Amino acid sequence: VAAYALNGAINIVNGGVEAAAYNVYAVNGAQVAAGTVAAAAQVEVALNAGIYVVEVVAAEAKSEKGYYLTMLYKLLCLL
């Protein structure tokens, strides 16, 4: 999973084999965007200039001991 800012938008790239959910937050903590990005795909989120935190839940898997593991990424983007 990667996120980068380009031309007034945040691009979220999912190189995984399963869809991933994403949330975008402004620095004041307000959620400004949310959605999903398909496996091996990219989504573009147009936003105003600012600093954003991108949170991506990339996968959920069951471990050997029966626990569910969630891959959570938090990325900082500056537009």
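Small disclaimer: the values here were computed from a predicted structure and weren't measured.
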| message | Do I12 and V54 have side chains that approach each other closer than 4.5 Å (heavy atoms only, starting at C-beta)? | response | yes
| Within a strict 4.5 Å, meaning less than it, do heavy atoms of the V32 and L47 side chains meet? | yes
| request: Apply the test side chain to side chain contact (heavy atoms under 4.5 Å, CB included) to residues V53 and V27: give CA-CA distance (whole Å), side-chain angles for both, the deciding distance (0.1 Å), then the verdict. | output: CA-CA 7 Å; V53 175; V27 291; 5.8 Å; no
| Closest approach of Q42 and V13, non-hydrogen atoms and distance? | OE1-CG2, 3.6 Å
| query | Got more than 12 heavy atoms from elsewhere within 6.0 Å of CG, N48? | reply | no
| request: Find the distance between CD (E44) and CG (N7) and round it off to the nearest 0.5 Å. | output: 8.0 Å
| message | Using every non-hydrogen atom in the two residues, find where V43 and Y22 come nearest and quote the distance to one decimal. | response | CG1-CE2, 3.7 Å
| How many angstroms lie between CG in N23 and OH in Y52, if you round to the nearest 0.5 Å? | 14.5 Å
| request: Check for a donor-acceptor pair, side chain of N14 on one end and backbone N or O of V1 on the other, with a separation under 3.5 Å. | output: no
